Amino acid sequence: MGCERTEFERDNGSRCNKSNCICEVVRFIKRVQSTSPEVDCVECDTDCFMAPLGSLTLPARGRVNTRVFSLLTDDGDYFKAVFRGGKRNHRPRPQPRATEDEVSGRRPGPSPAPSTSCVSVFFRVQKVFDSCCATLQVLQPLKDGRPFDITNNGKICVEKICQVNGFEATDTCLTVDLSCFCGIQCIDDVFIDFCDED
């Protein structure tokens, strides 16, 4: 999908277009996440317009509630967002017993930094509103069920994106103007557990 900017907009640096097809694709994803129409045969197995939800999965899974997608900027780069952590990272943990340092009043050293990045290029549409705006939930990339860093030296690494094989809900949503994107790629239909229960 290319940007549908006029020659005037290209020459004057305008990056947004109010008649962008990305809006319609995201509206469709929202509809398909909310309904279950009949299955149609299509040749492209990651076509965002495939219905019902679950059609992007081979073999088809019985329980899906999310069509995961990525957005592309007019430079062809992935649109990325920072998130606060996956749902698993925010569950209350039992408080450990007091350590000898705590009992004696000494302060323990800093805890080690987490080994995963807080950046993602994967999203779930929450709602579409106005002419072309949407609230997107950021999804944490997983590899083999564990949080996975898709960056290399602070930049998105395409080779690492190719290793992602799962997604998890985060507590982070953002509102975007969909007319400012030039491409959308649907990745997978999955079940995202939004509950914090074990």
Side-chain angles (χ1 to χ4, degrees), residues 1 3-4 15-37 46-57 60-74 77-92 116-143 145 147-151 156 161 164-198:
M1 292 180 193
C3 290
E4 299 175 0
R15 294 178 175 231
C16 299
N17 178 19
K18 297 301 177 201
S19 65
N20 193 312
C21 60
I22 304 300
C23 302
E24 291 308 311
V25 173
V26 174
R27 279 190 187 101
F28 179 82
I29 292 170
K30 177 60 180 159
R31 281 193 306 269
V32 80
Q33 284 179 176
S34 301
T35 62
S36 298
T46 58
D47 182 353
C48 292
F49 287 110
M50 288 178 63
L53 191 59
S55 300
L56 296 184
T57 312
R61 295 183 190 123
R63 188 175 182 198
V64 295
N65 63 0
T66 299
R67 178 155 290 171
V68 179
F69 62 92
S70 293
L71 294 165
L72 302 172
T73 65
D74 61 349
D77 295 328
Y78 282 98
F79 173 69
K80 57 193 169 297
V82 175
F83 60 87
R84 289 186 302 216
K87 293 285 186 182
R88 291 183 193 162
N89 297 336
H90 288 286
R91 291 186 180 157
T116 60
S117 170
C118 60
V119 176
S120 181
V121 297
F122 303 106
F123 303 96
R124 176 187 201 276
V125 63
Q126 293 295 98
K127 63 182 164 184
V128 181
F129 56 94
D130 292 338
S131 61
C132 200
C133 294
T135 300
L136 306 180
Q137 182 174 24
V138 183
L139 299 176
Q140 181 174 28
L142 304 175
K143 180 179 178 185
F148 186 62
D149 183 356
I150 59 170
T151 64
I156 299 298
I161 288 175
V164 171
N165 59 14
F167 309 94
E168 181 175 78
T170 70
D171 294 332
T172 303
C173 289
L174 64 152
T175 301
V176 297
D177 180 345
L178 295 169
S179 64
C180 293
F181 297 103
C182 287
I184 185 168
Q185 181 180 8
C186 288
I187 308 297
D188 201 359
D189 288 347
V190 299
F191 178 78
I192 300 288
D193 186 4
F194 296 103
C195 300
D196 285 336
E197 300 172 15
D198 287 326

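Because the structure is a prediction, the values reported are computed rather than measured. One-based numbering along the sequence shown.
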Pick from F83, F79, Y78: which one makes a ring-ring contact (aromatic ring centres under 6.0 Å, His included) with F123? F79

Please answer whether the main-chain N or O of [Y] pairs with a side-chain N or O of [X] as donor and acceptor at a distance below 3.5 Å.
| X | Y | answer |
| --- | --- | --- |
| D177 | C133 | no |
| S70 | V121 | yes |
| T135 | K127 | no |
| R67 | C48 | yes |
| E168 | I192 | no |
| D189 | S55 | yes |
| R124 | Q137 | no |
| D149 | T151 | yes |

Looking only at non-hydrogen atoms, find the nearest pair between [X] and [Y] and report the distance.
| X | Y | result |
| --- | --- | --- |
| V32 | P52 | CG2-C, 3.8 Å |
| C182 | I22 | C-CD1, 4.0 Å |
| E24 | F49 | O-CE2, 4.3 Å |
| V138 | S120 | CG1-CB, 3.6 Å |

Check whether any side-chain heavy atom of [X] sits under 4.5 Å from a side-chain heavy atom of [Y], and report yes or no.
| X | Y | result |
| --- | --- | --- |
| I184 | L71 | yes |
| C186 | I29 | yes |
| I156 | I150 | yes |
| V68 | L139 | yes |
| D77 | L72 | no |
| F148 | L142 | no |
| P147 | Q140 | yes |

Using a cut-off of 6.0 Å, state whether more than 12 heavy atoms not belonging to K80 lie near its atom NZ. no

Check step by step if side-chain contact (heavy atoms from CB on, under 4.5 Å) holds for D74 and F181. CA-CA 6 Å; D74 61 349; F181 297 103; over 6 Å; no

Tell me if the centroids of the rings in F122 and F69 come within less than 6.0 Å of each other. no

Distance only, no hydrogens: is a donor on one side chain within 3.5 Å (strictly under) of an acceptor on the other, for Q33 and R31? no

Can you measure from CD (Q126) to OG1 (T66) and round to the nearest 0.5 angstrom?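 Atom-to-atom, Q126:CD and T66:OG1 are 8.0 Å apart.
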
If you measure from CZ on R84 to OG1 on T172, what distance do you get to the nearest 0.5 Å? 4.5 Å

